[in-house]
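Each remark here refers to the structure printed beneath this line.
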Amino acid sequence: MGDASILDQQVPSSLLDVALEDPDVWLTDAPKIVSSILESLPYCSTQAAWERAESLLRLMTNLYPTTVVILLCKAALQGDSTAPELWELMSSMPETLAKILEGFANLLCTQCFRCSAEGPRTQPMASSSRKAEWEELADEPDLESHQGCPNVRTARLLLEGLVGLSQRVEMARNIELFLPGMMKVLQVGSEDAKMKILLALQNVLRQLKKSKASFIAVQLVGRLLPLFDSECSELRELSIRMLAELLQLVVGRDEKRMRKEVWRALVPLLFRMSDQVPSVAKASREALLAAAELLKWKTLKHLLQRERLWELGACLLQKSRSRAEDFIHQSLPYLQDPQANVRLAAVRFIGLITRRLREQTTDSQADILSALQPLENDWDISVSSLAARTTSLLRSPCVQQRPRGLLRALRCCWP
């Protein structure tokens, strides 16, 4: 097909016609056939040759969608002379791409359930470089290992391809097809997979009209919140920065819905401002400032702009004392955060809440004390001393008893 004189004689075209008419016989070795097509594309010197190659690729996509898409992603990401045409070809099959992505997400959900049931397993070591991984994937015998879904080893190429496609207007135009699969990957994917999904969503949202981006932004906020506490600092920062972007996208009726959602982000952002990674702490402050703008909360905005960060906890309580118990619920997991600075911020905020609500207490302090007691032996002296002072305050006669609902929440914090 790369030889114009042969193509003029219609020899290769006739051979392809035979294969296309009886694919069950001729087109069974999908990885080898697709790889051969992709290797030949740079030598296709005529439009007719390209059209024949494209028709064959489309037929192979119908028969073996995951194999073709993964190999297309691999070839396009290597960036040779045919990359623009390959991106264009993939952009023209959004339904296929979305179906494969959702299939992969469902596979992840199944594996996540199995891992929860069977307990943790040792993860395989990552390849030393992307090039080495591609070479390894080129010899992958089973690209469609689970009912047409990409296996976990090959799925990284699919996600990288998705990031590349997200810069094209065709994907933005068809974002509704991709959202279900993307949301599932954000829930159960690896940290690397989640980062790629967020990067793709960022690219897409920036191309959409504001009304459409606004609707998607409200749906996405709830998926971002768990990522604030990821072990991966890059994912923490990316998810927090994305929240700040989403808050600026909402318009019209979506503003009211987003205000309800953003209240759930305030306490996590407050604690992440104490993150030991400076870029995460900075991103948290900027996101909290964006939240203050959306909520039209002048006092919070003023404190952040003047960097009077020690007053932020009191500001949250003063604005909405009725949310105090919700704040306690959100704070409890942070007592076990790996970072001492974050544990310290959580103890300080819980202590502040208990001091502010003394007059509302009606029950025993025993469960609250048992929640804070383990931190009295914390390896960080700042955490242990503040925990000790807080428990001492709770034991003092002037501190009355807490509501039963709060006690139940605290009981869940420690064994």
Side-chain angles (χ1 to χ4, degrees), residues 65 69 73 76 84 87-106 108-109 158-189 193-228 235 237-266 268-269 283 286-296:
V69 167
C73 288
W87 287 124
E88 178 122 8
L89 178 60
M90 283 190 285
S91 297
S92 68
M93 50 178 79
E95 293 86 357
T96 300
L97 287 168
K99 184 177 179 181
I100 293 170
L101 176 64
E102 186 159 13
F104 169 58
N106 291 333
L108 286 178
C109 289
L158 170 64
L159 295 175
E160 290 199 15
L162 202 65
V163 175
L165 286 167
S166 67
Q167 301 173 47
R168 303 177 66 88
V169 68
E170 294 89 349
M171 182 170 171
R173 194 181 297 127
N174 294 284
I175 185 59
E176 288 88 353
L177 295 173
F178 293 90
L179 275 178
M182 297 174 102
M183 294 295 193
K184 286 180 184 177
V185 175
L186 282 181
Q187 184 177 1
V188 298
K194 291 174 182 176
M195 285 195 67
K196 287 181 171 59
I197 292 295
L198 290 185
L199 289 171
L201 283 168
Q202 265 188 337
N203 291 337
V204 167
L205 287 170
R206 290 168 182 172
Q207 299 178 64
L208 295 176
K209 291 182 178 179
K210 203 156 188 181
S211 58
K212 191 171 183 179
S214 173
F215 178 74
I216 294 173
V218 177
Q219 298 179 62
L220 191 54
V221 169
R223 299 292 189 187
L224 291 182
L225 297 184
L227 307 184
F228 294 179
L235 182 55
E237 180 180 353
L238 179 61
S239 59
I240 291 170
R241 290 197 181 282
M242 190 163 184
L243 173 69
E245 286 189 35
L246 296 181
L247 297 182
Q248 296 169 24
L249 289 176
V250 289
V251 293
R253 296 178 181 177
D254 292 327
E255 283 193 18
K256 184 177 181 180
R257 294 171 58 204
M258 184 64 93
R259 288 191 191 103
K260 292 181 180 178
E261 292 288 338
V262 82
W263 270 101
R264 297 165 52 206
L266 298 182
L269 290 175
E286 292 169 355
L288 204 52
L289 188 58
E293 290 272 8
L294 180 69
L295 295 169
K296 297 179 171 56

Report task. Could you tell me whether E255 and K260 make a salt bridge, using a distance below 4.0 angstrom between a side-chain N and a carboxylate O? Result -> no

Requested in this report: With sequence neighbours excluded, give me every ring-ring contact (aromatic ring centres under 6.0 Å, His included) pair touching residues 164-187.
Outcome: none

Report summary line: In terms of heavy-atom contacts, V69 and M90 come closest through O-SD, 4.3 Å

Query raised in the report: Between L162 and I197, is any pair of side-chain heavy atoms under 4.5 Å apart?
Result: yes

**Report entry** Partner set under salt bridge (charged side-chain N to carboxylate O under 4.0 Å, His left out) for E286, not counting sequence neighbours
**Finding:** R241, K282

Query raised in the report: Do the side chains of M93 and L89 get nearer than 4.5 Å, heavy atoms only?
Result: yes

Requested in this report: Give every residue pair that meets the salt bridge (charged side-chain N to carboxylate O under 4.0 Å, His left out) criterion with at least one member in residues 200-210, sequence neighbours excluded.
Outcome: R206-E245

Query raised in the report: Looking at residues at least two apart in the chain, or sitting in another chain, which of them share a salt bridge (charged side-chain N to carboxylate O under 4.0 Å, His left out) with R168?
Result: E88, E170

**Report entry** Whether over 12 other heavy atoms sit under 6.0 Å from K99 NZ
**Finding:** no

Query raised in the report: Who are the side-chain hydrogen bond (donor to acceptor under 3.5 Å, both in side chains) partners of R257, not counting sequence neighbours?
Result: D254

Query raised in the report: side-chain hydrogen bond (donor to acceptor under 3.5 Å, both in side chains) with S239: which residues, sequence neighbours excluded?
Result: none

Requested in this report: State the CD-CD distance between Q202 and Q167, to the nearest 0.5 angstrom.
Outcome: 11.5 Å

Query raised in the report: Side-chain contact, heavy-atom cut-off 4.5 Å: L179 with L220?
Result: no

Report task. Taking all non-hydrogen atoms of both residues into account, name the closest pair between A287 and A244 and its distance. Result -> CA-CB, 3.9 Å

Query raised in the report: How far apart are the closest heavy atoms of G161 and C73, and which atoms are they?
Result: CA-SG, 3.8 Å

Query - V163 and L159, any side-chain heavy atoms less than 4.5 Å apart - result: no

Query raised in the report: Given side chains that start at C-beta, do those of M182 and I175 come closer than 4.5 Å, heavy atoms only?
Result: yes

Report summary line: For S92, the side-chain hydrogen bond (donor to acceptor under 3.5 Å, both in side chains) test, sequence neighbours excluded, returns R58

Report task. Report the residues that fulfil side-chain contact (heavy atoms from CB on, under 4.5 Å) with L177, sequence neighbours left out, ordered by chain and then residue number. Result -> P94, E95, A98, N174

Query raised in the report: Between the main-chain N or O of M183 and the side-chain N or O of Q187, is there a donor-acceptor pair closer than 3.5 Å?
Result: no

Query - Nearest heavy-atom neighbours spanning A290 and Q248 - result: CB-NE2, 4.4 Å

Requested in this report: With the side chain counted from C-beta on, respond yes when L198 and L235 share a heavy-atom pair under 4.5 Å apart, and no when they do not.
Outcome: yes

Report task. For K184, check salt bridge (charged side-chain N to carboxylate O under 4.0 Å, His left out) against everything at least two apart and list the hits. Result -> E102

Query raised in the report: For A291 and V262, which heavy atoms make the closest approach, and how far apart are they?
Result: CB-CG2, 3.7 Å

Requested in this report: Tell me, please, which residues at least two apart from V221 pass side-chain contact (heavy atoms from CB on, under 4.5 Å).
Outcome: L243, L246, M258, E261

Query raised in the report: Are the side chain of S214 and the backbone N or O of V251 linked by a donor-acceptor pair below 3.5 Å?
Result: yes

Query raised in the report: With a 4.5 Å heavy-atom cut-off, do K194 and L238 have their side chains touching?
Result: no

**Report entry** Over all atoms of both residues, closest heavy-atom pair of A217 and V250
**Finding:** CB-CG1, 4.4 Å

Report task. First locate atom NZ of K256, then atom CG of L294, and finally report the distance between them rounded to the nearest 0.5 Å. Result -> 13.5 Å

Report task. With rounding to the nearest 0.5 Å, note down the distance linking CG in L205 to NZ in K212. Result -> 10.5 Å

Query raised in the report: For Q219, which residues count as a side-chain hydrogen bond (donor to acceptor under 3.5 Å, both in side chains) partner, sequence neighbours excluded?
Result: none

Report task. Decide side chain to side chain contact (heavy atoms under 4.5 Å, CB included) for L208 and L249; before the verdict, give the C-alpha distance in whole Å, the side-chain angles of both, and the deciding distance to 0.1 Å. Result -> CA-CA 10 Å; L208 295 176; L249 289 176; over 6 Å; no

Query raised in the report: Any side-chain heavy-atom pair from L201 and S166 closer than 4.5 angstrom?
Result: no

Requested in this report: Can you tell me which residue pairs pass the salt bridge (charged side-chain N to carboxylate O under 4.0 Å, His left out) test with a partner in residues 214-224, sequence neighbours excluded?
Outcome: none

